Amino acid sequence: MASGAVAAELVSPDELKSGWLDGRTVTTTGPRGGTSTLVFGADGKVTRSGGRAGSATGGAWRVDEDGFCMTLGSARRESCYLAIRTADGALKVVRRQASAFTWRR
């Protein structure tokens, strides 16, 4: 590892819940550069807005032993994610089965 480099740090479910899934708006940027916002309510509900026209939607979220899971819109099953803290304090949110997103505040 290069001098001054910071190792990736997996963010715990408890830290996600208190520091990111806390009712404040999160801006998300997808792998192709598209952006949207997410708001994770304390009641386990999530709202997404922005992105493609008509993509605003609601759903549910929960933490699990490794990160968090959510179901949005008409999805038939939930997707689960890991969150990795980057050197600049953002989170790289990685779907356990696919693409990564970057979160910033």
Side-chain angles (χ1 to χ4, degrees):
M1 185 179 307
S3 177
V6 177
E9 176 189 349
L10 190 62
V11 179
S12 74
D14 288 339
E15 186 178 350
L16 277 171
K17 192 171 181 179
S18 66
W20 289 88
L21 310 177
D22 60 359
R24 293 183 290 162
T25 300
V26 173
T27 301
T28 180
T29 304
R32 295 184 192 161
T35 62
S36 61
T37 60
L38 297 164
V39 177
F40 296 86
D43 59 359
K45 293 181 181 176
V46 60
T47 303
R48 179 182 67 191
S49 58
R52 287 182 241 147
S55 68
T57 188
W61 70 272
R62 66 180 181 86
V63 292
D64 69 0
E65 65 277 354
D66 296 317
F68 75 102
C69 301
M70 68 178 167
T71 305
L72 285 171
S74 60
R76 293 187 177 170
R77 57 184 150 174
E78 69 182 5
S79 296
C80 294
Y81 302 85
L82 298 174
I84 303 162
R85 186 178 332 280
T86 63
D88 66 357
L91 296 186
K92 184 71 67 176
V93 178
V94 181
R95 189 172 180 183
R96 293 184 198 162
Q97 302 83 2
S99 306
F101 295 85
T102 300
W103 290 9
R104 299 190 188 284
R105 282 217 172 112

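Please read these numbers as outputs of a predicted model, since none were measured by experiment.
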So, do Lys92 and Val94 sit near enough that their side-chain heavy atoms are less than 4.5 Å apart?
-> yes

Tightest non-hydrogen contact, residues Ala83 and Leu16, listed as CB-CD2, 3.6 Å

Scan side-chain atoms only and decide if Arg48 and Ser36 contain a donor-acceptor pair under the 3.5 Å cut-off.
-> no

Does any non-hydrogen side-chain atom of Asp64 lie less than 4.5 Å from one of Cys80?
-> yes

To the nearest 0.5 Å, atom CZ of Arg95 lies from atom CG of Leu82 at 12.5 Å

How about Trp20 and Tyr81: are their ring centres within less than 6.0 Å of each other?
-> no

Would you say the side chain of Val39 lies within less than 4.5 Å of the side chain of Arg24, judging by non-hydrogen atoms?
-> no

Once you round to the nearest 0.5 Å, how far does OG1 of Thr71 lie from CH2 of Trp61?
-> 13.0 Å

Point-to-point distance, once rounded to the nearest 0.5 Å, from CE of Met70 to CG of Leu72 | 4.5 Å

Check whether the side chains of Asp88 and Thr86 place a donor and an acceptor atom closer than 3.5 Å, and report yes or no.
-> yes

I would like to know whether Arg85 and Leu91 meet side-chain contact (heavy atoms from CB on, under 4.5 Å); could you show each step before the answer?
-> CA-CA 5 Å; Arg85 186 178 332 280; Leu91 296 186; 4.3 Å; yes

Kindly indicate whether the side chain of Leu21, heavy atoms from C-beta on, has any atom under 4.5 Å from the side chain of Val63.
-> yes

Spacing of OG belonging to Ser12 relative to NZ belonging to Lys17, to within rounding of 0.5 Å = 11.5 Å

